[in-house]
Amino acid sequence: MKQTKQITLDFESHDMDSVLIRWLLEGVKEEEKEKFEKTLLFDRRFREHFCEWVKAIREPAWALNASQKEDK
Amino acid sequence: MGSYSKQSPWHSFMQRDDRSLLKDLAHHQWSSSYILEKIPGIVFAALRSLHFSRSHRWGVAISTEKMRPIAMQFCEWMRTHGEWEKCEASWSKKSKGPWSLPFQIFRSYYRFRRAEYPKGIKGEVSYSGQKSLLDMEGAPLENALTGPFLEAFSFITFSLPEPLQLPYQLHLEGLLPHEISKLLGIQANKIDQAIHAAKEILSAGYSKAKESA
């Protein structure tokens, strides 16, 4: 119970858009790994949304569905 | 996470270059119904994945018609809140991309959901591992207590040894061992061991508390 430090990131902010896609496509950089892990550990809301997002994106049906119609 | 993403079927969708499409969306005040007609595959797919993700996983086909009201509202929110313009402004700053509209729709939908439905959308199927405990019929807690209860539940995981905490929390949220492995840079078998060890510790603690009660 010694760790009580709160680290928060606004999951929905526009600033997080580019960070999240970078994490997804390139992985987390070594220098930001600690902050990233502490945020996941201590910020329940961020963790919940981040995991929900990973699960929603990994859903193969999503990509299959999107490929059925060409959006022009 | 990086190497995992490259093997995934959605990888190409995240690397699309939709700048011209976004420019059109940002500069024309298109109606919601026109947008849904123009990019149905992107909007409905994102909503289906996020809003009804568990239903989809269980093979329940959610019809486009059922999703249309929330999709219309979402598109209207995008227009009236200048979300397309904000996305375009953000993209124009980047020199390398990515400029994927499916990704952007995902992100914008999160913002829409927080702004318009902070307590969740009716009919939405929760996808959180911890929340699912409260989704069960006859759950003992009122909705008002959900937040504090989840906080308390989350806090219990801090009684675990530090190396087990985050892997177990991510496991509770429903990430698969190989995803946790990629995310944290820890071998998948070590993740399995950490999850197992965490369960053992929490289970032993529960039994001990039960005996002393």
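In what follows, chains are A, B, ... by sequence order, proteins preceding strands, each numbered from 1.
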[atom1]-[atom2] distance between [X] and [Y], expressed to the nearest 0.5 angstrom:
X        : Y       : atom1 : atom2 : result
B/Leu175 : A/Arg47 : CG    : CZ    : 10.5 Å
B/Phe106 : A/Leu20 : CZ    : CG    : 12.0 Å
B/Leu166 : A/Phe42 : CG    : CZ    : 9.5 Å

Hey, is NZ on A/Lys33 packed in by over 12 heavy atoms from elsewhere, all under 6.0 Å?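 Counting neighbours around NZ of A/Lys33, more than 12 heavy atoms of other residues, nucleotides or ligands fall under 6.0 Å, so yes.
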
May I ask you to check whether over 12 heavy atoms, not counting those of A/Glu31, lie within 6.0 Å of atom CD? yes

Charged N to carboxylate O below 4.0 Å: is that the case for A/Asp17 and B/Lys86?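 A salt bridge is absent here (no side-chain N lies under 4.0 Å from a carboxylate O).
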
Is there side-chain contact between [X] and [Y], with heavy atoms separated by less than 4.5 Å?
X        : Y        : answer
A/Leu40  : B/Leu183 : yes
A/His49  : B/Arg113 : yes
B/Arg107 : A/Phe11  : yes

What one should report as the nearest heavy-atom pair of B/Arg114 and A/Arg45 is CD-NH2, 3.6 Å

Between B/Glu83 and A/His14, is the side-chain contact (heavy atoms from CB on, under 4.5 Å) condition met? List the steps. CA-CA 10 Å; B/Glu83 183 72 8; A/His14 283 87; 3.2 Å; yes

Where does B/Leu101 contact chain A at under 4.5 Å (heavy atoms): side chain, backbone, both or neither? neither

